[in-house]
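The sequence lines fix the lettering, A, B, ..., with proteins before strands; numbering per chain opens at 1.
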Amino acid sequence: MAEWIAVAADPVGAGGRLQALGADGTPLSAAEPVDDLAEAVAVREARLRPRWVWAATDDLYPRLLDRVPVRLGRCHDLKLVEALLLGYEGGHGQPRSLGAAWARLRGLPVPDDARDGAADGQPSLFAADRHQLPPDVDQLTAVVAVHAEQRRRIAAMERPERMRLLCAAESAGALAAVEMARDGLPWSAAVHDALLTDLLGPRPSGGARPQELDRLTARFQEAIGRPVNPDSPAQVLSAFARAGVSLPSTRNHVLKDAGHPAAAILLRYKELSRIHSAHGWAWREQWVGGGRFRPEYVVGGVVSGRWATRGGGALQIPRLLRSAVVADPGHRLVVADAGQLEPRVLAAMSGDRGLCAAAAGGDMYADLAGTAFDGDRGRAKIALLAAMYGQTSGEAGQLLAILRRRFPAAMGLVEEAARVGEAGGVVRSQLGRTSPRPSALWPQDDEETADGASPALRAARAWGRFTRNFTIQASAADWALAVLAALRRRLAALGPDGGAPPRLVFFQHDEVMVHTPVEFAEAVAEAVTEAAREASRLVFGDTPVCFPLQTCVVECYADAK
DNA sequence: AAACGAGGCGCC
DNA sequence: AAAGGGCGCCTCGTTT
């Protein structure tokens, strides 16, 4: 019956308290103590499918899952919502814990989030500490009060329905993040090992260096004529200088054009060295167990709404290693990737007629090339990326002039976002996620320099590029989160009771992966397509822009295209 | 010994 | 004319 139920876990033990809430957030009944919170939540989930209201998903949901294998449908994460609302209200960076929100509500001194368990990774002894609540404040009371206040704040906004959607999607993402961290990404140690051995030589014992890295180091030193450490950019630069090659840096694109035989060897060394140090045997020991790679996702870890990860570099799995991601026997991976998401977002947000027409089809860049760039798809792509990132150097400058002439509304949107940022203002995503303000130190000194670009001016322009990109990147994240939430709900409806249901196992900005028994694979692929359609309508409304989610069913991630 | 910024590169 | 946005994590080399 109750659509919303507030939850607080007891400081010690398995118990807690629940309280049903009405449509405006006010309690419908007295708080109900329960001995086994996880069991009580599971029972009510099955019966009522409410939206669970609690201090922080990353704190409570894992503890529930430790006791009962229940999957919850919906929640309202007070900490994540508080961060969204604070940002919207211009208060980025303020403490967002339950205790901080409570203190602001009551006009009390606001505790900082420094000892917030979720923030520093150090779980504190008592749940009350975790949420920064004073010892004399009842947690459930605070949950109910802060929740009601958050709903009031949302209702007062210009577009409350959009912020509600954003809060729901962010909270659903928090549920998914906990579940994905527990389920893990299928990872074949055998395939990974074969790959490493093939590239680096047999696994060295102790802390020894792999054969191939030693061999490449020796070859590089011979070619450059000095015993330099290839991992030291400073040593490498001076060695090249002594060999008569002056380089501005040791970056890949510089080395590619260095015109010295040692450069090619060094490039290969750097490629393999990175694999070894970032995703080698030591990495696997630390992050892979039981055939699963278990990273920890940090929802709300990026101001644009993208997720971050803690440990394991889950969002940087090298393409080279994707063959190690293999479905269990009898299972498949459904990999879905939103192609050209950001330019499509730009089209939908700006409503630019020409760009919308291009974004109605399957390959925007190709379409654009045909209408504005003499059939040159590569230039069309560079132009659009430059518009969204604020690039002006090289050929991008000319291409931007074409965009400005042909797609004035789209260019107007990103240029206005840049101007706002340069002036120290904030911009918002489609659903209302808000950019931070530039640091308080900015803009101060404005001493003119010879070329006219004072430090303050350069900083302002850099911030303009940030707000320009934020508008697009954060709106793309809005859409991706909405897809994730919609897909998660559809998957829950798919799975059998008791058996192994389809599971979300990976989410990376504009890409999702589901691990599923083979008999559900086609249904999962269908669910992905429907989730994309649903998210597009929810986030962008009635737009001609198409947001295709390319989906493929594979046994191995490397086979996804 | 630990902390930090810089340089660099993986992913989107 | 104007030096392309976001992240995590590695190593180096210096500072504390």
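One distance of note links CG of A:L84 with CZ of A:R433; it measures 5.0 Å at 0.5 Å rounding. Distance check: A:K381 NZ to A:L385 CG gives 6.5 Å after rounding to the nearest 0.5 Å.
For A:Q391, the listed nucleotide lying nearest its side chain is C:dG4; candidates were C:dG5, C:dG8, C:dG4. Counting only heavy atoms from C-beta on, A:N229 has its side chain closest to C:dC12 among C:dC12, B:dG8, C:dG6. Of the candidates C:dC7, C:dC12, B:dC12, the closest approach to any side-chain atom of A:V302 belongs to C:dC7. Set against B:dC11, B:dG8, C:dG4, the side chain of A:Q508 has B:dC11 as its closest nucleotide. Proximity note for A:P318 (side chain, C-beta onward) versus B:dG10, B:dC12, B:dC9: the nearest is B:dG10. Of the candidates B:dG8, C:dG5, B:dC12, B:dC12 carries the atom nearest the A:R322 side chain, counting heavy atoms from C-beta on. Closest approach to the A:D231 side chain among B:dC12, C:dC12, C:dG8 is made by C:dC12 (side chain taken as heavy atoms from C-beta onward). For A:R465, taking side-chain heavy atoms from C-beta onward, the closest of the listed nucleotides C:dG6, C:dT11, C:dG4 is C:dG4. Of the candidate nucleotides C:dG5, C:dG4, B:dG8, B:dG8 has the atom nearest to the side chain of A:P233. Counting only heavy atoms from C-beta on, A:N252 has its side chain closest to B:dC9 among B:dC9, B:dC11, C:dG5.
Straight-line distance from the CZ atom of A:R284 to the P atom of C:dC9: 19 Å, rounded to whole Å. Atom CG in A:L255 sits about 11 Å away from atom C1' in B:dG8, given to the nearest Å. Separating the CZ atom of A:R319 from the P atom of B:dC9 is a distance of 18 Å, rounded to the nearest angstrom. Between the CD atom of A:E296 and the P atom of C:dC9 there is a distance of 10 Å, rounded to whole Å. Straight-line distance from the OH atom of A:Y269 to the P atom of B:dC9: 13 Å, rounded to whole Å. The CZ-C1' distance, from A:R306 to B:dG10, rounds to 14 Å in whole Å. Atom CD in A:E395 sits roughly 17 Å away from atom C1' in C:dA2 (whole-Å rounding). For the pair A:H509 NE2 and C:dG8 C1', the computed distance is 10 Å after rounding to whole Å.
The base of C:dC10 is not paired with the side chain of A:R274 by any donor and acceptor separated by under 3.5 Å.
Heavy atoms of A:E271 sit nowhere under 4.0 angstrom from any nucleic acid atom. Residue contacts shown for A:A308 are limited to sugar-phosphate atoms, with no base heavy atom under 4.0 Å away. At a threshold of 4.0 angstrom between heavy atoms, the contacts of A:G311 are confined to the sugar-phosphate backbone, with no base atom among them.
Both A:S232 and A:A278 lie near DNA chain C, and the one whose nearest nucleotide falls closer to the 5' end is A:A278.
Minimum interatomic distance between A:V191 and A:A324 (heavy atoms only, all atoms of both residues): CG1-CA, 3.7 Å.
Using a distance-only test at 3.5 Å, with no hydrogens or angles considered, a donor-acceptor pair links the side chain of A:H92 to the main chain of A:T434.
When the shell of 6.0 Å around CD of A:E530 is examined, it contains more than 12 heavy atoms from other residues, nucleotides or ligands. The number of heavy atoms from other shown groups lying within 6.0 Å of NZ (A:K270) is above 12.
Relative ring orientation between A:F507 and A:W307 is described as perpendicular, the plane-to-plane angle rising above 60° on a 0-90° scale split at 30° and 60°.
Note on A:S273: every side-chain N or O is 4.0 Å or more away from OP1 and OP2 of C:dC10. Regarding contacts with the backbone of B:dC9, a side-chain N or O of A:K270 is found under 4.0 angstrom from either OP1 or OP2. Here A:S249 does not reach the OP1 or OP2 of B:dG7: none of its side-chain N or O atoms lies under 4.0 Å away.
A stacking contact between A:Y389 and C:dG4 is absent: the pair does not combine a ring-centre distance of less than 5.5 Å to the base's six-membered ring with planes differing by less than 30°.
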